[in-house]
Structures are given as structure tokens and as C-alpha cells.
Amino acid sequence: MSQDNVGILQLLLLGLLVAPGWAAYKLQERYSWNQLDFAFPNARLKEQAMASGDYIPQNALPVGVEHYGNRLFVTVPRWRDGIPATLTYINMDHSLTGSPELIPYPDWRANTAGDCANSITTAYRIKVDECGRLWVLDTGTVGIGNTTTNPCPYAINIFDLATDTRIRRYELPGVDTNPNTFIANIAVDVGKNCDDAYAYFADELGYGLISYSWELNKSWRFSAHSYFFPDPLRGDFNVAGINFQWGEEGIFGMSLSPIRSDGYRTLYFSPLASHRQFAVSTRILRDETRTEDSYHDFIALDERGPNAHTTARVMSDDGIELFNLIDQNAVGCWHSSMPYSPQFHGIVDRDDVGLVFPADVKIDEMKNVWVLSDRMPVFLLSDLDYADTNFRIYTAPLASLIENTVCDLRNNAYGPPNSVSIPKQAVLPVGPPLYTKQYRPVLPQKPQTSWTSSPPAPPLPPSRTYLPASSGPVVSSVSVSTNTVGPAGVEVPKAYIFNQHNGLNYETSGPHLFPTHQPSPPGGQDGLKTYVSARQSGWWHHQHQG
């Protein structure tokens with residue numbers, strides 16, 4: 001081949017590599033674990049903890065993530081025995097990638113279960129505000145479902161990240177909770193200064209919304225609003241090949257808009273068993289006198305579309321909302337200047353292996369997005385394969401994630417803005433999606449020693465090593481066996497069998513899982529060994545938390 005032809009080929013390859021849509025994934029894996037590890041002071045203490053049952057690696061599941069400075073915080077609830085710390089972090093200066101040990105925050109003493117006044121017993125999702133404070137709600141619980149005990153009350157803990165000291169602890173009074181209360185999500189609202197700060201807590205099973213004022217050091221509860229309740233038609237879930245019902249799960253994910261012209265924000269929220277989003281001005285939530293007289297100040301927006309359950313959401317300071325789509329193994333987006341209708345919702349990334357249950361989504365102070373995935377339904381209903389990667393943390397710049405989606409308004413390709421506001425806007429007709437993400441294989445590159453007429457292509461982000469290297473059949477490395485779960489003795493698989501909402505059906509034939517694009521009912525094909533429909537009629541009730 002002539003030198004000229006080589007140069008032309010190089011230019012063509014460069015164009016293909018940088019062309020939009022050719023990157024396999026936008027989110028890039030930063031950390032991953034088969035099972036979680038903790039940074040004990042020394043090996044001897046770690047061995048003692050494992051021997052005594054104070055540390056059982058297989059019992060730890062990460063559920064929350066937050067980034068600030070050189071630290072990435074990770075929460076691990078005490079659902080089972082052997083969780084040595086619930087509030088932890090990764091020192092990103094020392095661990096750029098890999099499977100780092102989790103360091104207790106602020107120290108081991110502050111993670112002592114049952115030491116109510118001095119420690120945190122169980123933390124779920126957490127939030128860092130723009131004043132450098134870490135807000136942590138301690139649920140005070142140990143266990144899950146019918147094993148749950150409450151050694152401590154619900155308490156708000158706020159840490160100064162500059163000094164790593166707790167600067168406030170506030171116990172929620174009894175009038176702000178009820179016997180069914182379970183709170184896993186928090187939103188923090190800072191106004192004109194750091195004292196003008198409020199936190200909002202979603203009571204998922206007690207069906208309420210709690211406001212807390214930093215300046216007043218006081219809280220109050222909005223309850224009995226129908227928008228806090230689950231939708232009885234949206235309680236059926238299919239995640240990781242397991243069918244289950246979370247039919248009683250109410251208000252859960254929350255996000256806050258930028259400050260509006262009136263000086264307040266809009267709080268967006270969804271019940272977990274729902275495909276719909278609701279909204280209310282923080283002017284209402286900041287006013288204790290409105291707890292019983294604000295029904296018409298809450299508004300209902302459209303449904304997101306089918307298979308659109310979400311547990312976590314966050315909004316950037318320019319109005320871009322990201323949210324997990326747990327049925328779709330995906331992260332979705334919506335630009336709040338557009339109507340809340342399905343055609344204005346996009347998918348920023350989807351991964352049927354790495355994003356199985358993307359439990360938390362955050363945007364940090366540098367507009368980088370962080371996503372934690374943890375395969376939670378498999379952990380709760382079946383058995384994780386600890387020879388496989390189970391927990392992952394991904395990151396990407398927000399601008400890169402929304403590029404070429406319906407949430408990217410820079411090219412004005414999706415019509416004029418129509419802001420969601422108070423009061424409710426008109427409902428728009430639902431049309432076909434305007435953007436469909438396509439995954440294409442990453443093209444191979446040969447090392448280049450010189451470029452005749454163009455600079456070299458920027459390096460590709462690291463590929464996910466668990467992806468298939470060819471376009472042939474995708475073969476999972478996870479073997480399938482069954483395990484009896486719960487008092488009813490329902491058998492469910494140890495691996496992920498299908499994701500029907502993304503057009504894939506996974507069947508077992510021999511020791512591995514093979515995908516096919518043709519849906520197959522149970523027993524409908526030769527060689528079908530296992531087809532999962534693990535419906536839990538009684539045992540699943542309240543078996544998940546967070």
C-alpha cells in the first residue's frame with residue numbers, strides 16, 4: 001500500500017473513532033469489586049473480625065455514593081451481620097482505579113452500630129452541599145425485613161468535610177415518623193447562604209416528606225398526600241431476570257431544581273412503584289404552617305413511559321435531571337426546560353451487565369457524574385456470584401453523557417423549550433422517541449508512529465473488559481444454579497437470566513447463559529434449563545430497603 005493510501009486510511013480511521021455514537025459506552029468504570037473490602041488498621045485485626053463474624057465480606061452491599069474533592073464516599077447498610085462500617089470513603093489520591101478498601105468515615109469509632117449519640121448505625125444515600133458539609137441520615141436500624149431492629153432513632157448527622165468532624169446531630173421527633181417509616185433518600189437545599197439550608201427526606205413506607213431547617217434546627221412532616229403513595233398499577237418489577245413486586249413502595253427518589261426567579265427551588269420526586277414524577281415548590285416545604293394545607297401546591301407531571309421505575313435522581317445547576325432506570329439497566333435524562341413527556345426523555349447509557357441496578361446517581365461540584373451499580377435484587381432474592389464483578393462505580397462528564405441525546409439542547413434539534421413550572425402545564429401528546437442510543441464495537445487501533453496530515457485521535461476511554469470481543473453470541477461467565485430462598489422455598493437462580501425490556505431473553509443451556517433476540521416462554525425451546533419468574537407473594541414484603 002502506498003504512503004498516500006496509508007495516510008488516507010489513517011484519516012478515515014480517525015473520523016470513525018471520533019464520530020458521535022461510535023463509543024461503546026459513555027460511563028467509564030472507575031472502581032469495581034467482587035465483594036467489598038474494608039481498610040482495617042492491620043491484618044491481625046481484620047483476621048480477628050472475620051473469625052468473630054464482625055466482618056463477613058459476602059454480606060456487604062454498597063447502596064450510596066457521593067464525591068467531594070479527593071474522596072468518594074460509599075455507604076453500606078447493615079442489612080446483615082458482619083458490616084464493620086456503614087459510612088466509608090475511597091481516598092482517590094491513593095486509589096485511582098481498581099478495588100480499593102473502604103475507609104470508615106470519619107473513623108472506626110463513628111461507625112459503631114448501636115452507639116446512638118456518637119456513631120452511625122446505618123446510612124443509605126448521602127449528600128454533600130456547596131458549603132462543604134456532608135449530610136447523613138442515620139436510620140438507626142440493623143437488619144432487613146422481618147429481621148430489622150431499631151437500636152437507635154432516626155438522626156440527621158452533618159459533618160464538616162474541612163475538619164472531618166460532626167458539627168450537628170438532630171434526632172427526628174416521634175411526630176415526624178410513624179411505625180412504617182423507612183427513609184433512604186435525602187435532598188439538600190441551600191439558599192442565600194449556608195445558614196439558609198434545608199434538607200428533605202422521603203419516607204418511602206410511611207408515605208411522607210420531612211423538611212428540616214438548619215437555621216431553626218427543627219423538622220416537620222408533610223403526610224397523607226396521595227402523591228406520596230405507590231401507584232397500584234406499577235408495583236411489578238423485572239430486574240436482572242428476576243420478577244418481583246415492590247407494590248407498597250411510595251415516595252423515594254428526589255431532585256432539586258436550580259433556584260428559580262422567586263428565590264425557591266422545585267423539588268421533583270417519584271414513588272418507587274410509579275412511572276410518574278411529581279413536583280412542589282420549596283416555598284411550601286420550607287413553611288411549617290403548610291403541612292396540612294398545601295395539597296393543591298403539589299403537581300403531577302406525565303409518566304416517563306413503560307418500564308420506568310426509578311430510585312435515584314439528581315439535577316444539575318443548569319437544569320438537567322439524571323435518574324436511574326432500574327428495569328432497563330440504564331441511566332436516563334430529562335432537561336427541565338422541556339415538557340415532562342416521554343419524547344423528551346433520553347437514555348445516556350445502558351449496560352445489561354455493568355448497570356444491573358444502578359442504585360445511585362450523583363453530579364459533583366465539577367459536573368462529573370457518578371453512578372453506583374450493585375445488583376441489589378440478586379443480592380436480596382438470590383445469591384451473588386463472588387467470583388464475578390458485582391459492584392461498580394462509573395463516572396463521566398455530564399456534558400459527554402447528554403451529548404446527542406434529547407437532553408442536549410445546544411443544537412436546538414428538539415423544538416423550543418417549554419419549562420415545567422408551577423402550576424401544572426398542559427400534557428403533551430406522546431410521540432416516538434427522538435433519540436435511540438446505538439452501541440457499536442470499538443474499532444481496533446494499530447500503534448501510529450507518525451501522522452502526515454492530521455493529529456492523532458484522542459485516546460479511547462478504557463473498554464469494559466467484560467464485554468464480548470466479537471459480534472458473535474454473548475456468553476456470560478456466570479454459571480447458573482438454584483437456591484431456595486425464603487420460607488416459601490421459592491427457587492430462584494444465582495445468575496441473571498433475561499432482560500425482556502431491552503429485547504433480550506437469556507436462557508440457560510449447559511453451564512453458561514446465552515442471549516437470544518427471540519422471546520421464549522418457559523419450556524418453549526429444547527435445551528432450556530431454567531427460566532426465571534421468581535414471584536414472591538409474601539416473603540418479598542419489605543425485604544428490600546433502599
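If you read the sequence from its start, that first residue is 1, and numbering goes on from there.
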Salt-bridge present ([X], [Y]; N to O < 4.0 Å):
{"X": "R109", "Y": "D115", "result": "yes"}
{"X": "R276", "Y": "D231", "result": "no"}
{"X": "R375", "Y": "D385", "result": "no"}

For this session: Just do the side chain to side chain contact (heavy atoms under 4.5 Å, CB included) check on E101 and F38 with the steps written out, would you?
Result: CA-CA 5 Å; E101 296 177 328; F38 293 82; 5.8 Å; no

Side-chain donor/acceptor of [X] to backbone N/O of [Y], under 3.5 Å:
{"X": "W33", "Y": "P100", "answer": "yes"}
{"X": "T88", "Y": "V74", "answer": "yes"}
{"X": "R78", "Y": "I83", "answer": "yes"}
{"X": "D176", "Y": "L172", "answer": "no"}
{"X": "S211", "Y": "L285", "answer": "yes"}
{"X": "Y264", "Y": "R286", "answer": "no"}
{"X": "D360", "Y": "L372", "answer": "no"}
{"X": "T148", "Y": "G145", "answer": "yes"}
{"X": "S95", "Y": "T97", "answer": "no"}
{"X": "S119", "Y": "C116", "answer": "no"}

So, do [X] and [Y] sit near enough that their side-chain heavy atoms are less than 4.5 Å apart?
{"X": "N307", "Y": "L325", "answer": "no"}
{"X": "Y198", "Y": "T282", "answer": "no"}
{"X": "D364", "Y": "T395", "answer": "no"}
{"X": "H67", "Y": "N368", "answer": "no"}
{"X": "N185", "Y": "F269", "answer": "no"}
{"X": "T86", "Y": "T121", "answer": "no"}
{"X": "F278", "Y": "H225", "answer": "no"}
{"X": "L272", "Y": "I326", "answer": "yes"}

For this session: Please report the C-alpha distance between D37 and K46 in whole Å, then the side-chain angles of each, then the deciding distance to 0.1 Å, and finally whether the side chain to side chain contact (heavy atoms under 4.5 Å, CB included) criterion is met.
Result: CA-CA 10 Å; D37 197 5; K46 183 175 183 179; 2.8 Å; yes

Residue pair [X] / [Y], side-chain donor-acceptor N/O under 3.5 Å:
{"X": "S270", "Y": "R304", "value": "yes"}
{"X": "N217", "Y": "Y212", "value": "yes"}
{"X": "Y154", "Y": "T177", "value": "no"}
{"X": "D327", "Y": "N238", "value": "no"}
{"X": "T165", "Y": "D160", "value": "no"}
{"X": "D81", "Y": "N59", "value": "no"}
{"X": "N157", "Y": "D138", "value": "no"}
{"X": "T311", "Y": "N324", "value": "yes"}

For this session: Using the side chain to side chain contact (heavy atoms under 4.5 Å, CB included) rule, take F391 and L384 through it: C-alpha gap first, then chi angles, then the decisive distance, then the call.
Result: CA-CA 10 Å; F391 316 128; L384 290 173; 3.9 Å; yes

Which heavy-atom pair separates [X] from [Y] by the least distance, and what is that distance?
{"X": "F229", "Y": "P271", "value": "O-CG, 3.3 Å"}
{"X": "I103", "Y": "A39", "value": "CG1-CB, 4.0 Å"}
{"X": "A273", "Y": "F237", "value": "CA-CZ, 4.2 Å"}
{"X": "Q58", "Y": "Y386", "value": "O-OH, 2.6 Å"}
{"X": "D236", "Y": "Q245", "value": "OD1-NE2, 2.6 Å"}
{"X": "R350", "Y": "A330", "value": "CB-CB, 3.9 Å"}

For this session: Determine the sole option in T291, D293, D287 for which the side chain to side chain donor-acceptor pair (under 3.5 Å) test with T289 is passed.
Result: D287

For this session: Give the intermediate values and the outcome of side chain to side chain contact (heavy atoms under 4.5 Å, CB included) for residues L355 and Y394.
Result: CA-CA 9 Å; L355 287 178; Y394 296 105; 3.6 Å; yes

Interatomic spacing from [atom1] in [X] to [atom2] in [Y] - rounded to 0.5 Å:
{"X": "N178", "Y": "T181", "atom1": "CG", "atom2": "OG1", "answer": "3.5 Å"}
{"X": "R234", "Y": "E303", "atom1": "CZ", "atom2": "CD", "answer": "4.5 Å"}
{"X": "R133", "Y": "C194", "atom1": "CZ", "atom2": "SG", "answer": "5.0 Å"}
{"X": "T266", "Y": "R283", "atom1": "OG1", "atom2": "CZ", "answer": "10.5 Å"}
{"X": "C333", "Y": "D349", "atom1": "SG", "atom2": "CG", "answer": "11.0 Å"}
{"X": "D189", "Y": "L256", "atom1": "CG", "atom2": "CG", "answer": "5.5 Å"}

Problem set entry | Residue pair D164, R71: steps toward the salt bridge (charged side-chain N to carboxylate O under 4.0 Å, His left out) verdict | CA-CA 12 Å; D164 295 327; R71 288 181 285 200; 2.8 Å; yes

For this session: Evaluate the ring-ring contact (aromatic ring centres under 6.0 Å, His included) criterion for residues Y124 and F182: first the C-alpha distance (whole Å), next the side-chain angles of each, then the deciding distance (0.1 Å), finally the verdict.
Result: CA-CA 11 Å; Y124 288 89; F182 172 71; 5.2 Å; yes

Exercise. Does the salt bridge (charged side-chain N to carboxylate O under 4.0 Å, His left out) test come out yes or no for D297 and R290, once each step is laid out?
Worked result: CA-CA 10 Å; D297 293 293; R290 301 302 307 278; 2.6 Å; yes

Exercise. Within a reach of under 6.0 Å around NZ of K218, are more than 12 heavy atoms found that belong to other residues, nucleotides or ligands?
Worked result: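 Atom NZ in K218 is not crowded, with 12 or fewer foreign heavy atoms closer than 6.0 Å.
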
Exercise. Of the options Y340, W334, F252, which is the one that meets Y268 in a ring pair (Phe, Tyr, Trp, His ring centres under 6.0 Å)?
Worked result: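 The ring pair (Phe, Tyr, Trp, His ring centres under 6.0 Å) with Y268 is passed solely by W334 among Y340, W334, F252.
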
Exercise. For the ring pair F228 and F298, is the centre-to-centre distance below 6.0 Å?
Worked result: yes

Exercise. Between Y89 and Y105, what is the ring plane arrangement, given parallel below 30°, perpendicular above 60°, and tilted in between?
Worked result: perpendicular

